[in-house]
Amino acid sequence: MLERAVDVLIVGGGPAGLQAALVLGRARRTVVVIDAGSPRNRDADAVHNLCGQEGVAPGRLLARGRQDVSRYGVEIVPGEVAEVRRDGAHTVSRTASGDVLRARAVVLATGVVEDLPAVAGLAALWGRDVVSCPYCHGWEARDKAVAVLGTGPRAWRQVLLMRRYTEDLALLGNGPAGLDDQQLEYVRRTGIAVEEQPVARVRSEDGHLAGIELADGTVLARDVVFAATTRRQPSGLAAELGCLIEVAGVGTDPAGRTSVPGVWAVGSATDPSLTIAGSAGHATGVAIAINDALVDEDLALALRS
């Protein structure tokens, strides 16, 4: 077992984690990134709305990011954090391999998990013909036959957003859609189909959507499904440390500090609605705040000695 001290430990090697590592590495901090290798967009064909990298494959984007941070001495360790706890002014983490890291600051860049509605066949097409974010995939679905699958505020917002991309739009409630009078009036005026019988399964053929089968055997021909997912934290690390959890995100102040001293959070781990560009921007600001905080700690120590 190896035990060592570092300035910053980053849990998660997605775009937010790597962006924070880049800023801190360039600030000459000793930085270790522990990466489980399971980003939310791993099944997607491309990354969108990231200027200068529009359309890049997710894996390629992360490979470039790892190359960038390695230039500044950042170490990337594959695997997961098996245990984490506070010990005085440090956070002590144990990796799955048994190594122990004592960090002055820990950054939770663990992202978010999106749980799909419980419909057979849906998960097999996730990231391709089954997606969630209109801003990430709406352009690719323009003028196609689109189904929004789900109920509640998220599904309704998807309907409103996707109406800008296509006129061939259906809302599948997989049961009662729960629309109020104003929403019913909107779908009536705009011609959006509403189907409230249960969805039996999603059919696929050669890896693509081949239709949506309803409980009565009817098959709806659709090109793309926008699913209203349920978001949650992918790991129990934040809760294990005692951080405040707000819905699906880790609660922080504007600088990225959690409710636990020395523990910070970035990107979609704090706000599940953030895109990759938003997560990277947020991580930049938080990394700067972390470095400033460490500088102030060093100054206070020097003045006391």
Problem - Worked check of salt bridge (Lys or Arg N to Asp or Glu O under 4.0 Å) between Arg128 and Asp45 - result: CA-CA 7 Å; Arg128 297 181 301 281; Asp45 293 330; over 6 Å; no
Practice task
Going by the side chain to side chain donor-acceptor pair (under 3.5 Å) test, name the single residue among Arg222, His208, His137 that passes it with Asp129.
Solution key: His208
Problem - Arg102 and Asp87 ion-paired at < 4.0 Å - result: yes
Handout entry: Donor-acceptor side-chain pairing of Gln53 and Arg60 below 3.5 angstrom
Key = no
Exercise for the section: Could you tell me whether Glu167 and Arg142 make a salt bridge, using a distance below 4.0 angstrom between a side-chain N and a carboxylate O? Expected result: no
Handout entry: Shared hydrophobic cluster, Leu220 / Val146 (ILVMFWY, side-chain heavy atoms < 4.5 Å)
Key = no
Could you list the donor-acceptor pairs under 3.5 angstrom formed by side chains in residues 265-287, with sequence neighbours left out?
from   : atom 1 : to     : atom 2 : distance (Å)
Thr270 : OG1    : Gly267 : O      : 2.8
Asp271 : OD1    : Ser273 : N      : 3.1
Asp271 : OD1    : Ser273 : OG     : 2.7
Asp271 : OD2    : Ser273 : OG     : 3.4
Thr275 : OG1    : Gly278 : N      : 3.3
Ser279 : OG     : Ser268 : N      : 3.4
Ser279 : OG     : Thr275 : O      : 3.1
His282 : ND1    : Gly267 : N      : 3.0
Thr284 : OG1    : Gln19  : NE2    : 2.9
Thr284 : OG1    : Ala280 : O      : 3.0

Exercise for the section: Run the salt-bridge test on Asp168 and Lys144 with the 4.0 Å N-O cut-off and return the result as yes or no. Expected result: no
Problem - Transitive ILVMFWY side-chain link Val81 to Leu108, under 4.5 Å - result: yes
Practice task
Could you walk me through whether Tyr186 and Trp156 pass side-chain contact (heavy atoms from CB on, under 4.5 Å), step by step?
Solution key: CA-CA 11 Å; Tyr186 178 81; Trp156 180 246; 3.7 Å; yes
Problem - CA sep, side-chain torsions, deciding dist, call: Leu9, Val107, side-chain contact (heavy atoms from CB on, under 4.5 Å) - result: CA-CA 6 Å; Leu9 170 65; Val107 180; over 6 Å; no
Handout entry: Pro58 side chain reached by Arg42 side chain, heavy atoms, under 4.5 Å
Key = no
Exercise for the section: Decide, yes or no, whether a salt bridge links Asp298 with Arg104 under the criterion of side-chain N to carboxylate O below 4.0 Å. Expected result: yes
Practice task
Side-chain contact test, heavy atoms from C-beta onward, threshold under 4.5 Å: evaluate it for Leu101 versus Ile34 and give yes or no.
Solution key: yes
Exercise for the section: Check Gln197 against Ala215 and note the closest heavy-atom contact, atom names and distance. Expected result: OE1-N, 3.4 Å
Handout entry: Heavy-atom side-chain contact between Leu22 and Val74 under 4.5 Å
Key = no
Practice task
Evaluate whether atom CZ of Arg28 has more than 12 neighbouring non-hydrogen atoms of other residues, nucleotides or ligands under 6.0 angstrom away.
Solution key: no
Problem - Residue pair Ile212 / Arg203, side-chain heavy-atom distance below 4.5 Å - result: no
Practice task
Could you check if a side-chain atom of Tyr135 sits within less than 4.5 angstrom of a side-chain atom of Asn49, using non-hydrogen atoms only?
Solution key: yes
Problem - Flag for Arg154-Thr229: side-chain donor and acceptor within less than 3.5 Å - result: yes
Problem - Flag, side chain of Asp35 to backbone of Gly12, donor-acceptor distance under 3.5 Å - result: no
Exercise for the section: Evaluate the criterion side-chain contact (heavy atoms from CB on, under 4.5 Å) for residue pair Arg231 and Val112; output intermediate values, then yes/no. Expected result: CA-CA 7 Å; Arg231 294 161 170 169; Val112 68; 3.9 Å; yes
Under 3.5 Å, sequence neighbours excluded: what are the donor-acceptor pairs made by side chains of residues 234-245?
from   : atom 1 : to     : atom 2 : distance (Å)
Ser235 : OG     : Leu237 : N      : 3.4
Glu240 : OE2    : Val84  : N      : 3.3

